[in-house]
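Written out below as structure tokens is the structure these notes cover.
Since we're looking at a predicted model, the values are computed, not measured. Every chain is numbered from 1, with letters handed out A, B, ... down the list of sequences.
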Amino acid sequence: MPELPENEAQRRLLERECLNRTIESVELGDDTSYIELPGDNERKRLVGRQFTETRRHGKNVFAGSKTGPWMTVHLGMTGQLIPFDEPADPPDYTKLLIRFEGNRALAFRCPRKLGHVRVIDDPDEYIAKEGLGPDALAIDRDTFLETFGKTKSAIKAALMSQEKLAGIGNLWSDEILFETGLNPQCRANELSKDTLGELYDAMQSILETVVSKDADYEKLPDDWLVRGRDEGSDCPRCDGTIVTAKVGGRTAYFCDKHQE
DNA sequence: TGGGTTGTTCGTAC
DNA sequence: CGTACGAACAACCC
């Protein structure tokens with residue numbers, strides 16, 4: 001589920017389904033060893049309150065109110081927020097269950113336990129403390145050019161670095177570089193200002209498009225990498241082949257021809 | 001069976 | 001300091 005567009009879709013879901021309802025209980029699910037979830041006292045802080053607004057910064061979703069407290073959710077690799085109406089059972093792998101007035105409930109599902117939920121006082125303070133860079137859809141062009149013009153790491157690793165830019169991960173960094181025709185291994189500071197500008201434009205347009213489709217990949221054009229991101233398959237843009245390489249600790253998928 | 005995964009963190013090294 | 005790498009975390013999928 002987990003990069004900027006997927007998290008934005010989750011934020012919208014919370015906005016639609018879970019706002020302005022008094023929280024009656026916040027309970028832990030089954031098998032909560034290892035995963036970080038709010039403790040007894042933190043969960044109690046939410047009871048009796050309402051979420052009246054939501055926010056998102058990079059891959060972090062927030063729900064809270066002017067006076068706080070706030071809940072912040074990180075989905076990890078396989079986390080999901082699932083609103084539902086009781087008495088239906090919560091989904092498998094529910095790690096946290098919030099019950100609202102009426103019969104509305106919200107499950108935080110996290111099979112691989114790589115996500116977390118925290119209760120915090122203030123999102124801005126939290127974002128600063130976590131050292132997150134500007135959100136990838138909010139960063140302005142000049143800041144982007146400045147940051148990337150002086151980083152020596154591989155461009156893909158730089159795009160995925162949450163301290164530089166919050167919200168891009170393995171999947172969408174591949175798509176952005178595919179669109180721009182850049183090799184994921186090239187050094188960020190060796191790119192011209194014009195090329196970095198093209199990269200910025202591709203990033204904005206790709207993220208906006210995926211957000212506009214609520215991160216439903218079926219609705220994306222057939223010539224996007226994400227639609228056929230398999231090693232050895234034909235490039236949908238040229239007569240190249242999709243190949244892989246390890247970059248920034250992750251597997252990069254790219255075209256061996258139009259991305260050099 | 002072994003290897004891979006839309007994520008992060010930590011130790012280590014240069 | 002900035003950067004790079006492997007391992008770890010956990011469970012599922014092929």
Check whether A:Gln50 reaches the backbone of A:Ile23 with its side chain - one donor and one acceptor, N or O, closer than 3.5 Å. no
Just the atom pairs and distances: protein N or O near nucleotides 2-5 of chain C's N or O, under 3.5 Å.
from	atom 1	to	atom 2	distance (Å)
C:dT3	OP1	A:Thr151	OG1	2.9
C:dT3	OP1	A:Lys152	N	2.9
C:dT3	OP2	A:Lys164	NZ	3.4
C:dA4	OP1	A:Arg187	NH1	2.7

Whole angstrom is fine here: how far is it from NZ in A:Lys113 over to P in C:dA8? 18 Å
Using a 4.0 Å heavy-atom cut-off, does A:Asp31 contact any base of the nucleic acid, only the sugar-phosphate backbone, or nothing at all? sugar-phosphate
Please check the phosphate of B:dG4 (OP1 and OP2 only) for any side-chain N or O of A:Arg250 closer than 4.0 Å. no
Whole angstrom value for the distance that separates C1' of B:dT6 from NZ of A:Lys213: 20 Å
It should be established whether A:Tyr253 places a side-chain nitrogen or oxygen under 4.0 Å from OP1 or OP2 of nucleotide B:dT5. yes
Here the distance between atom P of C:dA10 and atom CE of A:Met77, to the nearest Å, is 14 Å
Quick check, are the ring centers of A:Phe178 and A:His258 under 6.0 angstrom apart? yes
Look through every strand shown and name the nucleotide pairing with B:dT6 as Watson-Crick or G-U wobble, where both distances are under 3.5 Å. none
Interatomic distance where CG belongs to A:Asp230 and P belongs to C:dC14 [whole Å]: 14 Å
d(NE2, A:His116; C1', B:dT8) in whole Å: 9 Å
What residues, two or more places apart in sequence or in another chain, satisfy ring-ring contact (aromatic ring centres under 6.0 Å, His included) together with A:Phe144? A:Phe148, A:Tyr200
Among the candidates B:dT5, B:dT9, B:dT8, find the nucleotide nearest to the side-chain atoms of A:Thr251. B:dT5
In this structure, how many angstroms lie between the C1' atom of C:dC14 and the CD atom of A:Glu231, rounded? 15 Å
Would you call A:Glu42-A:Arg118 a salt bridge at under 4.0 Å N-O? no
Looking at A:His74, I'd like to know whether one of its side-chain N or O atoms comes within less than 4.0 Å of OP1 or OP2 on B:dT8. yes
Starting at atom CD of A:Glu36, determine the distance to atom P of B:dG7, rounded to an integer number of angstrom. 18 Å
Which word best sums up how the rings of A:Trp224 and A:Trp172 line up, parallel for under 30°, tilted for 30 to 60°, or perpendicular for over 60°? perpendicular
Using a cut-off of less than 4.0 Å, is there contact between a side-chain N or O of A:Arg112 and OP1 or OP2 of C:dC9? no
For the side chain of A:Gln162, counting heavy atoms from C-beta on, which of B:dT6, C:dC9, B:dT8 is nearest? B:dT8
Within the side chain of A:Asn7, is there an N or O that forms a donor-acceptor pair under 3.5 Å with the backbone of A:Pro2? yes
How close or far is atom C1' of B:dG4 from atom CG of A:Asn170, stated in whole angstroms? 12 Å
Rounded to the nearest 0.5 Å, how far apart are CG of A:Leu97 and CG of A:Leu28? 10.0 Å
